[in-house]
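What follows is a short report on a single structure.
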Amino acid sequence: MTSKGLLERLNNGEHVLVAEGYMLEAERRGYLKIGAFAPEVVLDNPDVVRSMHREFVHAGTDVVEAFTYYGHRERLKLMGREEDLEKLNRTALGIAREVADETGILMAAGLCSTTIYEENKPEIDERIRAMFKEQVEWAVEEGADYIIAETINDYGEAKLALEAIQQYGKGLPAVITIVCYNPDKTLDDVPIAEACLKLEEAGAAVVGLNCGRGPRTMVPVIREIRKVCKGPIAALPVTFRTTEESRTWTSLKDPDTGKHAWPSNVSCVTCTRDDIRLFAEEAKNIGVNYVGLCCGNAPFFFREVAEVFGRKPGACKYSPDLSLSVLAGDSKDSYSKLREYAGTGKK
């Protein structure tokens, strides 16, 4: 177990850096099906999950989050794998605990949107409570340090997730991050900043945003959250170049074809490392306490975040150094013509 818990770090004024985005990274590696987005890789290829965890630790994450996103009963039922529900969750939690213990960092369990929430439907609320309850209880039994409820579309469902963590989590802290789509409000029409404030007042240790928007369109909303919330806030954008015209990564279009880039062709609208570094600097200046990246995250992106926050994880040994490249620079030497032809130097 790590010697310092989430609350202790936050109460000491420390930043907590969190690598999310396992779903898309697993898909890029050929271990997850677009459309289902279920973490079958946890059971089918557990070493792939273990490797991803270690790579993000190498890049500077303070937290190993168990890969249980869409690992809930409703999604596995859709996949015809409901009988694997408990095994998948416990395996994911066990892998995360293993890597966290070997590296001395925190381990978080994860809940997410159930996809079935509807306003004013008590019978659906009960189904959701039961789904959250079983996942929270497994998280406690497998030694989670805290529990995340992420990518929640509705304030109402976020409240159900928080209540489940409080009721069944045996005192584990709750981090609640909701999604901001095109308007700055939840799907049940609660303004984002107001929803975060309500969740904070209800007892969440950290509130904020993840997924949905890239850095450029998430940061303005984070500023509004910071204005109203007194405690720790979270920002974990996707790594795609969202704009005022296309505020969500799911609405971005391929600049060459005009076709929607999501879900299979989002690489054409990916952020640069400079974009990610700028986000981390802005988050730090705003006063975000819990900082990370969601869908599209990769170790080379996360290293940028870590460096902005003064960290020197193992991956920093391999940070770019163009002084070692014959293609960089403008000096007159034997490589001048190469740089000219390659388009990297002055003519």
Side-chain angles (χ1 to χ4, degrees), residues 17-28 34-35 37 69-70 112-113 150-155 158 176-187 189-196 207-227 233-288 290-305 308:
L17 308 185
V18 187
E20 293 185 356
Y22 289 96
M23 182 183 75
L24 202 59
E25 183 64 10
E27 194 280 327
R28 288 191 292 211
I34 283 179
F37 299 113
Y69 184 84
Y70 272 170
C112 70
S113 168
E150 62 175 309
T151 324
I152 307 290
N153 300 319
D154 301 83
Y155 166 73
I176 312 293
T177 55
I178 54 182
V179 186
C180 185
Y181 293 107
N182 190 33
D184 295 346
K185 56 186 178 180
T186 63
L187 289 192
D189 293 321
V190 179
I192 293 293
E194 180 184 334
C196 287
V207 297
L209 301 180
N210 83 292
C211 207
R213 295 191 182 191
R216 192 178 303 173
T217 54
M218 179 179 283
V219 164
V221 187
I222 292 296
R223 292 185 191 279
E224 295 305 308
I225 295 171
R226 181 70 287 169
K227 289 177 184 178
I233 64 169
L236 300 96
V238 297
T239 64
F240 301 102
R241 283 184 151 177
T242 51
T243 66
E244 273 305 302
E245 293 71 33
S246 299
R247 291 184 173 187
T248 63
W249 70 299
T250 47
S251 64
L252 288 168
K253 294 183 179 180
D254 185 320
D256 289 340
T257 67
K259 296 179 180 178
H260 278 288
W262 186 89
S264 301
N265 295 308
V266 289
S267 55
C268 68
V269 288
T270 300
C271 287
T272 64
R273 299 184 196 202
D274 286 348
D275 293 333
I276 299 303
R277 183 170 285 267
L278 176 61
F279 156 70
E281 290 168 349
E282 290 180 315
K284 188 175 183 180
N285 290 335
I286 291 168
V288 178
Y290 185 99
V291 186
L293 300 171
C294 196
C295 294
N297 189 16
F300 70 90
F301 277 147
F302 204 82
R303 179 177 60 195
E304 299 291 328
V305 176
V308 167

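Sequential numbering from 1 along the given sequence is applied to the chain's residues.
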* Asked: Hey, is the main chain of Ile192 close enough, under 3.5 Å, to the side chain of Asp184 for a donor-acceptor pair?
  -> no
* Working to the nearest 0.5 Å, report the span between CZ of Arg277 and SG of Cys271. => 14.0 Å
* **Contact summary for Glu25 and Ala298, nearest pair of heavy atoms** => OE1-CB, 4.3 Å
* To do: Can you measure from CZ (Arg241) to OG1 (Thr272) and round to the nearest 0.5 angstrom?
  => 4.5 Å
* Structure fact -> CG (Leu293) and SG (Cys211) are apart, to the nearest 0.5 Å, by 11.5 Å
* Can Asn210 and Thr151 be counted as having a side-chain donor-acceptor contact under 3.5 angstrom? -> yes
* Hey, does the side chain of Arg213 reach the backbone of Tyr181 with a donor-acceptor pair shorter than 3.5 angstrom? -> yes
* Which is it for Arg216 and Thr243 under the side chain to side chain contact (heavy atoms under 4.5 Å, CB included) test, yes or no, and what are the steps along the way? -> CA-CA 7 Å; Arg216 192 178 303 173; Thr243 66; 4.1 Å; yes
* Of all the heavy-atom pairs spanning Ser113 and Ile152, show the shortest one and how long it is. => N-CD1, 3.5 Å
* Structure fact -> Output for pair (Thr242 OG1, Met218 CE), nearest 0.5 Å, gives 8.5 Å
* To do: Name the orientation class of the two ring planes belonging to Trp249 and Phe240 (parallel below 30°, tilted from 30 to 60°, perpendicular beyond 60°).
  => parallel
* **Heavy-atom side-chain proximity of Phe279 to Val291 below 4.5 angstrom** => yes
* Structure fact -> Correct closest heavy-atom pair for Ile233 and Val288 would be O-CG1, 3.4 Å
* In sequence, state the C-alpha distance, the side-chain angles, and the governing distance for Leu236 and Tyr290, and then conclude on side chain to side chain contact (heavy atoms under 4.5 Å, CB included). => CA-CA 8 Å; Leu236 300 96; Tyr290 185 99; 4.0 Å; yes
* Shortest non-hydrogen separation from Gly212 to Val179 and the atoms involved -> CA-CG1, 3.7 Å
* Determine whether Ile34 and Ser264 make a side-chain contact, defined as any pair of heavy atoms from C-beta on separated by less than 4.5 Å. => yes
* Asked: Between the side chain of Thr270 and the main-chain N/O of Ser267, is any donor-acceptor distance below 3.5 Å?
  -> yes
* To do: Can you measure from SG (Cys295) to CD (Glu20) and round to the nearest 0.5 angstrom?
  => 8.5 Å
* Output yes when Lys284 and Glu281 qualify as a salt bridge under the 4.0 Å nitrogen-oxygen rule, no when they do not. => no
* Between Cys268 and Ala261, what is the shortest heavy-atom contact and its length? -> SG-CB, 4.1 Å
* Asked: What's the spacing between Leu209 CG and Ile178 CD1 if we round to 0.5 Å?
  -> 6.0 Å
* Would you check if Val269 and Trp262 make a side-chain contact, meaning some heavy-atom pair closer than 4.5 Å? => no
* Structure fact -> Tightest non-hydrogen contact, residues Cys180 and Val221, listed as SG-CG2, 4.2 Å
* Heavy-atom side-chain proximity of Val266 to Leu252 below 4.5 angstrom -> no
